[in-house]
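Single-structure report; data block below.
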Amino acid sequence: MGAIPGILGISGGMLCIATISATTLAAILAASAMAFTIFKFIGAAYLIYLGIKMWRLSSTFDLQIQTKQKSHKLRFAEGFLITLLNPKPIFFFMALFPQFITPSENYQAQFIALALTFSFLVVIVHCTYAIFLKAAKSGLSTPRGSKLISRVSGSFYMVFGVGLATSHKSV
């Protein structure tokens with residue numbers, strides 16, 4: 001499958017961003033319940049915003065575009081750099097990870113475990129997407145298929161945002 005090097009690049013970029021988020025955020029969140037609550041609501045609002053943006057997406061995905069073959073190294077580098085240079089995952093990790101942290105235990109170890117788990121899941125999810133998209137390519141490139149993908153994805157973001165905003169975990 002030609003997508004695997006890019007998927008591994010995305011996963012590696014996410015791992016770097018998650019680790020950076022973990023090491024800088026742990027001190028802030030440990031010191032202040034208010035900071036924790038603020039990050040939680042900013043993260044929830046951001047997830048809801050992404051969901052609404054996906055829901056409203058009206059463009060058709062063009063899955064028929066033919067691209068020239070790229071080397072595995074180039075695919076990995078593109079996935080890694082695009083992910084690493086995207087500021088959105090930082091907010092995602094800052095909003096999501098604190099919900100799963102036990103304040104009385106080592107923050108960095110917990111964040112690193114979460115980052116590794118998340119990066120592994122990124123590989124699994126993206127490989128699953130690639131397999132299903134290859135099989136469903138013709139149906140998903142129609143306006144109806146594109147709208148369905150946008151609505152389902154947007155709905156998940158909004159549900160996660162509402163769930164995050166209404167969670168009762170505190171520092």
Side-chain angles (χ1 to χ4, degrees), residues 1-21 39-100 113-169:
M1 184 174 11
I4 290 178
I7 291 169
L8 293 175
I10 292 168
S11 178
M14 288 291 191
L15 181 61
C16 287
I17 290 172
T19 303
I20 291 167
S21 297
F39 278 117
K40 179 175 101 168
F41 283 112
I42 289 171
Y46 179 68
L47 289 173
I48 292 168
Y49 162 76
L50 287 177
I52 292 168
K53 188 175 173 182
M54 288 290 295
W55 183 268
R56 291 181 172 175
L57 191 66
S58 62
S59 66
T60 302
F61 301 121
D62 187 0
L63 301 176
Q64 305 300 329
I65 296 174
Q66 297 295 322
T67 58
K68 61 182 179 179
Q69 290 293 342
K70 297 178 182 176
S71 73
H72 293 310
K73 287 181 183 178
L74 182 58
R75 288 180 187 176
F76 178 88
E78 285 179 346
F80 183 82
L81 290 174
I82 287 170
T83 303
L84 195 62
L85 297 174
N86 183 355
K88 293 176 186 175
I90 294 170
F91 292 109
F92 177 79
F93 289 121
M94 289 176 15
L96 181 67
F97 281 9
Q99 304 300 309
F100 300 98
L114 287 168
L116 289 171
T117 301
F118 185 84
S119 294
F120 175 73
L121 290 173
V122 164
V123 172
I124 298 299
V125 167
H126 281 78
C127 283
T128 303
Y129 283 159
I131 290 166
F132 282 117
L133 285 174
K134 187 173 183 179
K137 187 160 93 172
S138 62
L140 294 175
S141 61
T142 66
R144 185 175 180 212
S146 298
K147 189 173 188 174
L148 177 67
I149 290 172
S150 297
R151 294 278 169 97
V152 170
S153 300
S155 296
F156 277 113
Y157 277 115
M158 288 185 276
V159 166
F160 288 140
V162 170
L164 179 61
T166 59
S167 69
H168 297 292
K169 180 166 169 74

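The basis for the numbers below is simple: all heavy atoms, side chains too, and nothing from hydrogens, waters or symmetry mates.
Judged as a side-chain contact (heavy atoms from CB on, under 4.5 Å), and not counting sequence neighbours, the contacts of Ser153 are Met54, Ile149.
For the atom pair CG of Leu8 and SG of Cys127, the computed distance is 7.0 Å after rounding to the nearest 0.5 Å. Distance NZ/Lys73 to CD/Glu78: 14.5 Å, rounded to 0.5 Å. For the atom pair Thr83 OG1 and Leu15 CG, the distance stands at 11.5 Å (nearest 0.5 Å). Atom NE2 of His72 sits about 9.0 Å away from atom CD1 of Ile4, to the nearest 0.5 Å. In this structure, NZ in Lys147 is found 9.0 Å from CH2 in Trp55, a value given to the nearest 0.5 Å. Once rounded to the nearest 0.5 Å, the distance linking OG of Ser71 with CZ of Phe76 reads 12.0 Å.
Checked by atom type and distance alone, the side chain of Ser11 never pairs as donor or acceptor with a backbone atom of Ile7 at under 3.5 Å.
Atom CZ of Phe118 has more than 12 neighbouring heavy atoms from other residues, nucleotides or ligands inside a 6.0 Å radius.
Nearest heavy-atom pair, Arg75 versus Pro5, reported as atom, atom and distance to 0.1 Å: CB-CB, 3.8 Å. Heavy-atom minimum distance, Ser119 versus Met14: OG-C, 4.1 Å.
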